[in-house]
Amino acid sequence: VDWLDNSGMVYSREDSSMAAMNRSRGLTIGALVVFVGSALTLIYGAFWTYEVQSLSIRPSRLPFTKDSMIFMAVASLLAGAWGVATAYGLLNHGEWARISVLVFGWLCIVYCFLPMLYFPMLGLKHFDGTPAHFNPHVLLGGAAFEALFVVVGGGLVYFFSKKSITDQFT
């Protein structure tokens, strides 16, 4: 059975199944992970949008609060949209989507590597009633959180730079 798309190209069922057969399992799983993460980011952005609308703080008390919340809402929604578009592009073998994942991986590495090293050296004020071991655990937990993003970014850069993956996008 053949069908005609908007540009006048004729496709057959064999053409559409070949694209899915040439996509590796790792690429499909990666695209699904990107899609799920982006969907969660969109939900986070929707949360910030709701919070901005329901903000009841007087502007004179904390003037930067509403602006920073608007920034978080817009940044989260844009990042989520970028991720959804990238996941769709990965499923359709778009070279731009592979480059987009590489850019995201490098951003994770660049923006999380130094905080990962610096986090354990921060000085936190000790509050009454907190255990003595609380601050070191918070600092090491923060460093581990940053290290997670460094590892994820490095894994993305490694995986999407492999020849077997780049060959699927040509």
Donor-acceptor list for residues 138-147 side chains, cut-off 3.5 Å, not counting sequence neighbours:
none

Exercise. Any side-chain heavy atom of L102 within less than 4.5 Å of one from F159?
Worked result: no
Exercise. What's in the same ILVMFWY side-chain cluster as V33, cut-off under 4.5 Å, chained through other members?
Worked result: I29
For this session: Would you check if W96 and T86 make a side-chain contact, meaning some heavy-atom pair closer than 4.5 Å?
Result: yes
Problem set entry | Joint hydrophobic cluster, V101 plus L32, side-chain heavy atoms closer than 4.5 Å | no
Exercise. Looking only at heavy atoms, what is the nearest atom pair of R98 and L90, with distance?
Worked result: N-CD2, 4.0 Å
Seminar exercise, completed: Residues A31 and A87: closest non-hydrogen pair is O-CB, 3.4 Å
Problem set entry | hydrophobic_cluster_shared for Y50 and W48, side chain cutoff 4.5 Å | no
Exercise. Side chain to side chain contact (heavy atoms under 4.5 Å, CB included) between H93 and L27: does it pass, once the steps are laid out?
Worked result: CA-CA 9 Å; H93 299 279; L27 185 59; 4.1 Å; yes
Exercise. Under 3.5 Å, side chain of S161 to main-chain N/O of Y158, donor-acceptor pair present?
Worked result: no
Problem set entry | S38: side-chain hydrogen bond (donor to acceptor under 3.5 Å, both in side chains) partners, not counting sequence neighbours | none
Exercise. side-chain hydrogen bond (donor to acceptor under 3.5 Å, both in side chains) with Q168: which residues, sequence neighbours excluded?
Worked result: S24
Seminar exercise, completed: Interatomic distance, CD1@I165 vs NZ@K162, rounded to 0.5 Å, equals 6.0 Å
Exercise. What do you reckon, is CZ of F160 surrounded by more than 12 foreign heavy atoms closer than 6.0 Å?
Worked result: yes
Exercise. To the nearest 0.5 Å, how far apart are CG in L156 and CZ in F149?
Worked result: 11.0 Å
Problem set entry | Distance (rounded to the nearest 0.5 Å) between T49 OG1 and I70 CD1 | 9.5 Å
Can you list, pair by pair, the side-chain donor-acceptor contacts under 3.5 Å of residues 75-83, counting residues two or more places apart and other chains?
residue : atom : partner : partner atom : Å
S76     : OG   : M72     : O            : 2.8
W82     : NE1  : S100    : OG           : 2.5

Exercise. Take atom CZ in F169; do more than 12 heavy atoms of anything else shown fall under 6.0 Å from it?
Worked result: yes
Check residues 106-121 and write down every donor-acceptor pair under 3.5 Å in which the side-chain atom is one partner and the other belongs to a residue at least two apart or another chain.
none

Exercise. Atom CZ of F47 and atom CE of M69: how far apart are they, to the nearest 0.5 Å?
Worked result: 7.0 Å
